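In what follows, a structure is listed as structure tokens, so that the remarks can point back to it.
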There are 2 protein chains.
Amino acid sequence: MGMGRPREFDADIALDRAMEVFWRHGYEGATIAQLTEAMGINPPSLYACFGNKEGLLKAALDRYTKARGAWMDEVVAAPTAREVAVRMLMGIADKQTDPANPPGCLLVQGGIACGTGSENVPFELAARRAQNEDQLRERFLRAKAEGDLKETADPAALARYVSAVSVGMGVMASSGADREALRQVADVAVQAVEAQSVRD
Amino acid sequence: MGMGRPREFDADIALDRAMEVFWRHGYEGATIAQLTEAMGINPPSLYACFGNKEGLLKAALDRYTKARGAWMDEVVAAPTAREVAVRMLMGIADKQTDPANPPGCLLVQGGIACGTGSENVPFELAARRAQNEDQLRERFLRAKAEGDLKETADPAALARYVSAVSVGMGVMASSGADREALRQVADVAVQAVEAQSVRD
DNA sequence: CCAGATATGTAGTGTTCACTACAGATGTGG
DNA sequence: CCACATCTGTAGTGAACACTACATATCTGG
């Protein structure tokens with residue numbers, strides 16, 4: 001039997017375009033008309049490929065978190081907890097003010113609060129943010145085992161802290177903070193991790 | 001000439017109800033039907049009193065920031081920069097997990113990203129968050145002048161930092177973080193301010 | 001070249017949205 | 001008690017929304 005007419009657009013490229021729309025307008029603020037126009041396709045193609053609007057968001061998030069996961073691997077590969085925090089927060093400052101993307105972080109801009117019918121979107125985003133936090137916690141646990149962090153340090157609390165600062169920086173970026181302002185925040189934030197580190 | 005029929009509802013009570021709806025669902029997620037039901041009035045009363053949906057949000061924000069401003073005055077009345085940070089962040093941890101309110105902060109939940117026609121809502125919220133940051137900056141400037149903060153400390157950066165942590169905590173609260181988790185974040189965050197403080 | 005399968009473009013569908021026209025109700029000033 | 005002004009409830013308005021029916025186009029397997 002035949003395989004049917006092949007798709008005329010590249011799903012990954014289309015997802016990148018959709019990602020930008022969700023990033024800029026949020027899940028509820030993004031309309032199907034904006035999404036299809038940015039993706040260069042018509043609504044039936046979108047629904048055939050991604051199911052519905054929420055399916056499209058999840059596919060875009062998958063692509064976003066995949067790229068972000070690769071970067072997180074580099075972050076936690078840093079030799080010390082302090083250096084992990086520096087790479088993480090300085091990297092966040094740069095990424096969230098990268099003119100190639102909308103300002104801020106998709107995992108925040110996507111939707112913190114949503115209306116009836118989209119209640120699970122904030123949960124979906126929170127779950128993905130939690131993945132980053134998990135990765136940081138494991139790294140800080142190791143740092144404590146290695147004697148890099150003090151005996152009194154709480155790796156879970158440190159991971160939550162770095163994650164919270166990242167999110168806060170994302171919100172500031174989306175409301176106009178420039179790269180230098182975010183770097184200053186990162187610089188201050190690192191000092192809390194430093195305070196939990198064993199001096200050389 | 002006559003004064004007309006008097007209003008049958010209390011505008012402040014109605015605003016408190018509307019505030020809660022915006023807080024829980026965000027500006028775009030909140031519908032007029034939800035708002036009017038919560039406020040106990042019908043749409044014409046809403047529009048006669050507040051103009052339109054955005055006018056209602058601004059009125060609710062005015063009421064929110066007024067109460068918050070009184071609390072911020074207590075925060076900056078603390079004797080040292082470190083104690084300001086403690087009061088601020090510990091207070092945030094408690095307020096954002098107060099079961100009397102929706103979790104998180106209205107100035108964040110209200111809307112980080114919005115669709116066409118509501119572009120200025122995020123700006124409106126950002127402007128109100130900036131007021132808190134301004135208040136913190138002035139307080140930290142004083143702390144530096146008083147020799148409470150080190151000569152190398154940057155009051156503006158510290159204020160931005162505390163503000164960013166507050167926002168990040170709000171997002172975490174809205175996605176289910178409990179009070180203890182937020183207090184741990186606050187505890188770590190304070191250490192960065194402590195690192196900028198002159199020891200006794 | 002034909003049958004089955006999938007994609008595409010046009011042109012809608014019903015629903016929900018913010019907002020309002022209108023008539024009746026309730027007040028004040030003369 | 002009357003003219004006027006403002007509020008209230010009912011019942012909508014047009015617009016925008018997510019989503020889709022359907023005819024047509026383009027592929028593969030036989």
Side-chain angles (χ1 to χ4, degrees), chain A residues 1-15 17-19 21-22 24-60 110-111 113-121 124, chain B residues 1-15 17-19 21-22 24-61 110-111 113-122 124:
Chain A
M1 343 298 169
M3 270 180 44
R5 178 175 175 176
R7 172 175 303 140
E8 290 186 2
F9 63 94
D10 183 301
D12 282 339
I13 294 177
L15 275 180
R17 307 280 177 80
M19 194 189 298
V21 176
F22 283 131
R24 200 175 296 280
H25 300 290
Y27 176 74
E28 293 197 294
T31 69
I32 298 293
Q34 288 173 324
L35 290 164
T36 52
E37 185 183 352
M39 297 166 85
I41 62 177
N42 289 308
S45 299
L46 189 159
Y47 285 91
C49 190
F50 303 106
N52 56 19
K53 190 181 177 185
E54 198 168 329
L56 175 63
L57 174 72
K58 287 184 182 173
C114 278
T116 312
S118 311
E119 296 92 348
N120 41 339
V121 167
E124 182 73 27
Chain B
M1 338 299 167
M3 269 180 43
R5 178 175 174 176
R7 173 175 302 141
E8 291 185 1
F9 63 96
D10 183 301
D12 282 339
I13 294 178
L15 274 181
R17 307 281 176 80
M19 197 189 298
V21 177
F22 283 132
R24 199 173 297 279
H25 299 290
Y27 176 74
E28 293 197 292
T31 68
I32 297 293
Q34 289 174 324
L35 289 164
T36 52
E37 185 183 353
M39 297 166 84
I41 61 176
N42 289 307
S45 298
L46 190 159
Y47 285 90
C49 190
F50 303 106
N52 56 19
K53 191 182 176 185
E54 197 168 328
L56 175 62
L57 174 71
K58 286 185 183 174
L61 288 177
C114 279
T116 312
S118 310
E119 295 92 346
N120 42 337
V121 168
E124 184 73 27

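The figures here come from the full heavy-atom set of this structure, side chains too, leaving out hydrogens, waters and symmetry mates. Lettering of chains follows the sequences in order, A, B, ..., and the numbering in each one begins at 1. All values derive from a computational prediction rather than experimental measurement.
Across the protein-nucleic acid pair, B/R5 atom CZ and C/dT26 atom C1' stand 5 Å apart, rounded to whole Å. Note: CD (B/E28) to C1' (C/dA18) measures 12 Å, nearest angstrom. Look at CZ on A/F9: it is 17 Å from P on D/dT26, rounded to the nearest Å. Nucleotide C/dA25 holds its C1' atom 9 Å from the CD atom of B/E8, rounded to whole Å. In this structure, CE of B/M3 is placed 11 Å from P of C/dG27, rounded to the nearest angstrom.
Side chain of A/E28 to backbone of A/G115: a donor-acceptor contact under 3.5 angstrom is found. Between the A/S118 side chain and the A/V121 main chain, no donor and acceptor come within less than 3.5 Å of each other.
For residues 32-58 of chain A, no residue pair satisfies the salt bridge (charged side-chain N to carboxylate O under 4.0 Å, His left out) rule, not counting sequence neighbours.
Comparing B/A30 and A/P6 by the nucleotide of DNA chain C that holds the closest heavy atom to each, the one mapping nearer the 5' end is A/P6.
In this structure, the side chains of A/M39 and A/F50 come closer than 4.5 Å at one or more pairs of heavy atoms.
In the model, A/E8 has no side-chain atom that pairs as donor or acceptor with a side-chain atom of A/S45 under 3.5 Å.
Here the CG atom belonging to B/L61 is positioned 8.0 Å from the CZ atom belonging to B/F22, to the nearest 0.5 angstrom.
Applying a 4.0 Å cut-off to non-hydrogen atoms, the residues of residues 31-59 of chain A that approach DNA chain C are A/N42, A/P44, A/S45, listed by residue number.
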